[in-house]
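Each remark here refers to the structure printed beneath this line.
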Amino acid sequence: QVQLVESGGGLVQAGGSLRLSCAASGRTFSVDGMAWWRQAPGKEREFVAGISWSGRTTYYADSVKGRFTISRDNAKNTVYLQMNSLKPHDTAVYYCATGGGLSGAGYHLGSSYDYWGQGTQVTVSS
């Protein structure tokens, strides 16, 4: 079992920044890929960013490329999402997720993940 706990969400004005954190516990953290997803009201959950177990490979949704950066610290069992130049349409509940065997296109599929956090709310005002 893996437990994921997100933090760092909040209310920010458009153009501002936030840094989300996801602390993992349970099974060995460093061997699994990790990702951030988000779900806005009335919309389906969508992939935001993913990172390989080593941290050397990252994946981003087109809508956040150049603005968001995913990183991880395996010594702290934590993955981060630095969000800059935030826009109102970034408003959503943000979830971190992990699963065994994540690779390539699999990061973009919700069914690839075994564990999800409870989510943290990000609200961007215009």
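These figures come from a predicted structure and were not determined experimentally.
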| task | Could you list the residues that satisfy side chain to side chain contact (heavy atoms under 4.5 Å, CB included) with Thr57, not counting sequence neighbours? | result | Ser52, Tyr59
| field | Qualifying residues under salt bridge (Lys or Arg N to Asp or Glu O under 4.0 Å), relative to Lys43, sequence neighbours excluded | value | none
| note | One should read off an interatomic distance between Lys65 NZ and Thr58 OG1, to the nearest 0.5 angstrom, of 9.5 Å
| remark: The remaining residues in the hydrophobic cluster of Val5, counting side-chain heavy-atom contacts under 4.5 Å among Ile, Leu, Val, Met, Phe, Trp and Tyr, are none
| Listed once per pair and sorted, the ring-ring contact (aromatic ring centres under 6.0 Å, His included) pairs that draw on residues 73-101, sequence neighbours left out | none
| request: Output all residues satisfying side-chain hydrogen bond (donor to acceptor under 3.5 Å, both in side chains) with Ser125, sequence neighbours left out; order by chain, then residue number. | output: none
In residues 8-19, what donor-acceptor pairs under 3.5 Å come from side-chain atoms, sequence neighbours left out?
unit_1: Ser17; atom_1: OG; unit_2: Asn84; atom_2: OD1; d: 2.9

| request: Show your working on side-chain contact (heavy atoms from CB on, under 4.5 Å) between Val2 and Asp114 and close with a plain yes or no. | output: CA-CA 9 Å; Val2 175; Asp114 301 313; over 6 Å; no
| Can you name the residues that form a salt bridge (Lys or Arg N to Asp or Glu O under 4.0 Å) with Arg45, not counting sequence neighbours? | none
| request: Can you tell me which residue pairs pass the salt bridge (Lys or Arg N to Asp or Glu O under 4.0 Å) test with a partner in residues 83-112, sequence neighbours excluded? | output: Arg38-Asp90, Arg67-Asp90
| ILVMFWY network linking Val93 to Val64, side-chain heavy atoms under 4.5 angstrom | no
| note | In short, disulfide (SG to SG under 2.5 Å) pairs touching residues 43-79 with sequence neighbours left out are none
Pair up each side-chain donor or acceptor in residues 99-110 with any protein partner under 3.5 Å, not counting sequence neighbours, and list the distances.
unit_1: Tyr107; atom_1: OH; unit_2: Ile51; atom_2: O; d: 3.2

| task | Measure from the side-chain N and O atoms of Glu6 to the backbone N and O of Gln118, and report whether any donor-acceptor pair falls under 3.5 Å. | result | yes
| field | Minimum heavy-atom distance between Thr69 and Tyr60, given as atom pair plus value | value | CA-OH, 3.3 Å
| field | With Trp37 via ring pair (Phe, Tyr, Trp, His ring centres under 6.0 Å) - residues at least two apart | value | Phe47, Tyr113, Trp116
| What are the two closest heavy atoms between Ala49 and Leu81, and how far apart are they? | CB-CD1, 4.1 Å
| Side-chain heavy atoms of Thr98 within contact of Leu4, under 4.5 Å | yes
| Side chains of Arg72 and Thr78: does their closest heavy-atom pair fall under 4.5 Å? | no
| Do any pairs count as a disulfide (SG to SG under 2.5 Å) and have a residue in residues 85-126, sequence neighbours left out, and if so which ones? | Cys22-Cys96
